Amino acid sequence: MRCLIRAALAAICIALVTACAAPSAPSTSAARVELVWLGQSAFKITTPGGKVIVTDPWLRTNPLTPPAFKQFDVFGRIDVLLVSHGHFDHIADAPALAQQYNVPLRAPGDLNQTLTTLGVLPANLLPRMNKGGTVEPVPGIKVTAVRAEHSSIYVFRNPASNKDETHPGGEPVGWVVELENGFRIYHAGDTAAFGDMRLIGERFKPDLALVPIGGNFTMDPAEAAWAVKELLRPKAVIPMHYGANPLARGTAKEFVDAMGASAIKVVVAVPGEPIPF
Ligand SMILES: [Zn+2]
């Protein structure tokens with residue numbers, strides 16, 4: 001009996017010593033990068049430091065967005081909000097999120113000028129930036145706007161006339177986002193393949209590329225796979241911008257097939273399911 005008590009006490013002591021010696025490291029889940037695809041080009045990215053980045057939030061009327069993400073409280077926090085251009089399927093819910101989380105809407109500077117002029121948001125939530133300059137909207141997160149080969153207008157429902165108006169949306173962009181641990185994500189926005197994707201690949205060496213594959217408005221699966229393999233050369237790629245518009249017929253399977261035996265890891269995202277990196 002005495003032996004048992006002694007053994008139990010020893011075990012408790014060892015447990016206490018182990019607990020005290022263990023550093024208060026963040027949990028594994030907090031110390032990694034996590035992406036959740038929300039359909040089209042919308043992603044929720046959780047950084048190793050626990051910050052939340054949201055891209056191109058078309059959520060409420062997006063057929064691929066999981067119902068949980070149509071209630072914006074689900075995000076909990078948003079530290080960086082990125083919009084690649086003025087088309088509805090990229091900017092739709094961005095003003096509402098900017099307001100709810102009091103987070104600046106980062107978009108091409110001239111699009112933000114249009115939003116300011118129209119009074120969509122207060123000017124303090126519409127900072128101006130342009131391609132080429134790297135900004136640090138919150139400590140540890142570096143954001144660079146890069147070229148995209150597309151177009152950009154902003155359609156505004158004028159409350160006075162109750163009619164749609166078409167306004168200049170600046171030049172479309174893609175984004176390179178560097179996280180606290182140096183992990184770099186290239187979000188291509190809407191784009192065709194273009195030669196400077198090679199520059200983006202060589203200059204930023206993205207760990208992960210998010211590329212449109214739907215076709216018709218953007219790269220199709222074959223064009224996207226060629227651009228990823230020949231120009232961008234990231235470590236991993238997630239296809240986006242497909243399945244939500246009947247004209248954008250490209251599929252993930254076509255993209256996977258077109259990537260063939262490439263060493264670049266292809267991850268086919270399921271809306272709402274977290275992808276760790
Ligand atoms: Zn689009």
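One-based numbering, in listed order, for ligands and for the atoms of each. We count residues from 1, following the sequence as given. The structure displayed is predicted, hence computed values, not measured ones.
Under 4.0 Å is where a charged nitrogen must lie from a carboxylate oxygen, and between R60 and D93 at least one such pair does. Checked for salt-bridge contact, D79 and R77 meet the test: a charged N lies under 4.0 Å from a carboxylate O.
When the side chain to side chain donor-acceptor pair (under 3.5 Å) test is applied to D257, the partners found at least two apart in sequence or on another chain are K253.
Linking Ile, Leu, Val, Met, Phe, Trp and Tyr residues whenever their side-chain heavy atoms come within less than 4.5 Å leaves V36 and V33 in two separate clusters.
In this structure the side chain of L115 never reaches within 4.5 angstrom of the side chain of P95, judged on heavy atoms.
The set of protein atoms (N, O or S) found at less than 2.8 Å from the Zn ion (ligand 1) reads D89 OD2, H90 NE2, D190 OD2, H241 NE2, by chain and number.
H90 has its ring centre less than 6.0 Å from the ring centre of H241.
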